[in-house]
Amino acid sequence: MRIRKKPWAKKELAENPYILRNSEQYALKFADYFNNDQPIHLELGCGKGHFIVATAKNNPQINHIAVEREPTVLAMAARLAKSEANTTAPLVFVELDAAKLCDYFNPHEVSRLYINFCDPWPRRKKWAKRRLTHANFLKIYETLQIPEIFFKTDNRILFEFSINQFSECGWIMRNISLDLHKSDYPDNIMTEYEEKFSPLGPIYRLEAYK
């Protein structure tokens with residue numbers, strides 16, 4: 001997806017209190033950043049931030065980290081957090097590529113991982129390894145001993161691919177939905193992408209556990 005430049009993004013990245021700058025100093029010790037012993041939930045690719053901001057507001061007993069590799073997208077999400085999140089919500093945004101998670105987190109440090117509407121990389125077969133549910137990434141999550149992954153997508157090919165990858169890598173899947181918005185799942189918080197595109201077709205969801 002091509003990201004349009006935002007003239008305010010540079011200032012937001014430099015000043016927004018929800019963005020963790022010089023994140024290397026907290027690598028492998030995010031508990032020190034939050035200064036508490038609450039569990040950490042991590043979102044890979046936060047989009048414009050609607051999901052992680054609402055989730056953090058609803059669950060102040062949990063520390064939330066949103067990882068995003070695109071600076072402009074990170075700025076948009078953090079800007080939303082600044083305008084909507086209450087001051088008691090432990091939430092921080094980190095500019096980071098998912099491939100480097102092991103450089104920043106210890107095993108058992110993250111207790112839940114959210115992957116919402118990640119890029120399906122559909123055009124070339126060799127691009128499959130870039131998908132966040134590819135076996136290469138699942139090995140990273142396993143190395144970090146992340147016990148559960150909540151995954152949503154509107155791309156059926158990616159969903160079927162992901163089910164196969166989870167299964168082949170020894171993850172147990174539960175609460176599999178082929179049309180989330182017509183299911184009885186009670187706690188769904190929509191992303192901005194989901195709000196826009198769910199009228200066009202079903203949303204697929206699953207939970208994977210180790």
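Index from 1, following the sequence.
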- Applying the 4.5 Å side-chain criterion to the ILVMFWY set and letting contacts propagate, would I149 and I140 be lumped into a single cluster? yes
- Query: Does any non-hydrogen side-chain atom of P90 lie less than 4.5 Å from one of I62?
  - Reply: no
- Hey, could you give me the OG1/CG distance between T72 and L13, rounded to the nearest 0.5 Å? 7.0 Å
- Item | Check: D119 and R130 side chains under 4.5 Å, non-hydrogen atoms | no
- Query: Side chains of H50 and M190: closer than 4.5 Å at any heavy-atom pair?
  - Reply: no
- When you check the gap from the basic side-chain N to the acidic O, do E12 and R79 get nearer than 4.0 Å? yes
- side-chain hydrogen bond (donor to acceptor under 3.5 Å, both in side chains) assessment of Y193 paired with D154: CA-CA 10 Å; Y193 181 95; D154 64 338; 2.8 Å; yes
- Task: Considering non-hydrogen atoms only, spot the tightest contact between A78 and N16 and give its length.
- Result: O-ND2, 2.9 Å
- Task: Flag the pair M76 / W8 as yes when at least one side-chain heavy-atom distance between them is below 4.5 Å, and no otherwise.
- Result: yes
- Task: Please say whether the positively charged group of R205, taken as NZ for Lys or CZ for Arg, lies over the ring of F150, i.e. under 6.0 angstrom from the six-membered ring centre and within 45 degrees of the axis.
- Result: yes
- Message: Counting only heavy atoms not in R69 (residues, nucleotides, ligands), do more than 12 fall under 6.0 Å from its CZ?
- Response: no
- Query: Are F93 and L44 grouped together when hydrophobic residues (ILVMFWY) are joined by side-chain heavy atoms under 4.5 angstrom apart?
  - Reply: no
- Item | Worked check of side-chain contact (heavy atoms from CB on, under 4.5 Å) between F117 and F197 | CA-CA 11 Å; F117 303 96; F197 289 101; over 6 Å; no
- Derivation and outcome, side-chain contact (heavy atoms from CB on, under 4.5 Å), residues K152 and N188: CA-CA 10 Å; K152 287 196 291 185; N188 185 50; 2.8 Å; yes
- Do L20 and I65 belong to the same hydrophobic cluster, where Ile, Leu, Val, Met, Phe, Trp and Tyr are linked whenever their side-chain heavy atoms lie under 4.5 Å apart, directly or via other members? yes
- Query: Would you find more than 12 non-hydrogen atoms of other residues, nucleotides or ligands less than 6.0 Å from K210 atom NZ?
  - Reply: yes
- Which value, rounded to the nearest 0.5 Å, describes the distance between I115 atom CD1 and L132 atom CG? 5.5 Å
- Query: In this structure, which one of N36, N35, D37 forms a side chain to side chain donor-acceptor pair (under 3.5 Å) with N63?
  - Reply: N36
- Message: Students often mix this up, so state it plainly: with edges at 30° and 60°, are the rings of F105 and F30 parallel, tilted or perpendicular?
- Response: parallel
- Message: Using side-chain hydrogen bond (donor to acceptor under 3.5 Å, both in side chains), reason through H181 and E194 one step at a time and then give a plain yes or no.
- Response: CA-CA 10 Å; H181 293 181; E194 188 174 355; 2.7 Å; yes
- Message: Evaluate S167 against M173 for side-chain contact (heavy atoms from CB on, under 4.5 Å), listing each step before the verdict.
- Response: CA-CA 8 Å; S167 179; M173 287 164 281; 4.0 Å; yes
- Query: Would a hydrophobic clustering, with Ile, Leu, Val, Met, Phe, Trp and Tyr connected at side-chain separations under 4.5 Å, put L113 with L138?
  - Reply: yes
- Task: Check V92 against I19 and note the closest heavy-atom contact, atom names and distance.
- Result: CG2-C, 4.5 Å
- Which heavy-atom pair separates P107 from Q145 by the least distance, and what is that distance? CB-CG, 4.1 Å
- Item | Distance-minimising heavy-atom pair for R131 and W121 | NH2-O, 3.3 Å
- Close side-chain approach of H64 to N59, heavy-atom, < 4.5 Å: yes
- Task: Name the orientation class of the two ring planes belonging to F159 and Y204 (parallel below 30°, tilted from 30 to 60°, perpendicular beyond 60°).
- Result: parallel
- Item | Value rounded to 0.5 Å, distance of CD1 in I189 from OH in Y114 | 7.0 Å
- Nearest heavy-atom pair of E192 and K48: which atoms, and what distance? OE2-N, 2.8 Å
- Quick one: do F151 and L158 satisfy side-chain contact (heavy atoms from CB on, under 4.5 Å)? Show the steps, please. CA-CA 11 Å; F151 172 62; L158 174 61; 4.1 Å; yes
- Item | L200 CG: over 12 foreign heavy atoms closer than 6.0 Å | yes
- Note on the structure: Minimal heavy-atom distance between P71 and E95, with the atoms involved, is CG-OE2, 3.4 Å
- Message: Is there a path of hydrophobic side-chain contacts, each under 4.5 Å between heavy atoms of I/L/V/M/F/W/Y residues, joining Y18 to L96?
- Response: no
- Query: Any salt bridge between E160 and R156, counting N to O under 4.0 Å?
  - Reply: yes
- Are the charged groups of R112 and E148 less than 4.0 angstrom apart, N to O? yes
- Message: Given L206, which partner from the list I176, T133, L178 fulfils the side chain to side chain contact (heavy atoms under 4.5 Å, CB included) test?
- Response: I176
- Query: Nearest 0.5 Å, what's the CG-CD distance between D97 and E68?
  - Reply: 10.0 Å
- Note on the structure: When rounded to the nearest 0.5 Å, the distance separating CG of L180 from CG of D184 is 10.0 Å
- Could you tell me whether the side chain of N155 and the main chain of P120 form a donor-acceptor pair under 3.5 Å? no
- Note on the structure: Between the CZ atom in F137 and the CG atom in L101, the distance rounded to the nearest 0.5 Å is 8.5 Å
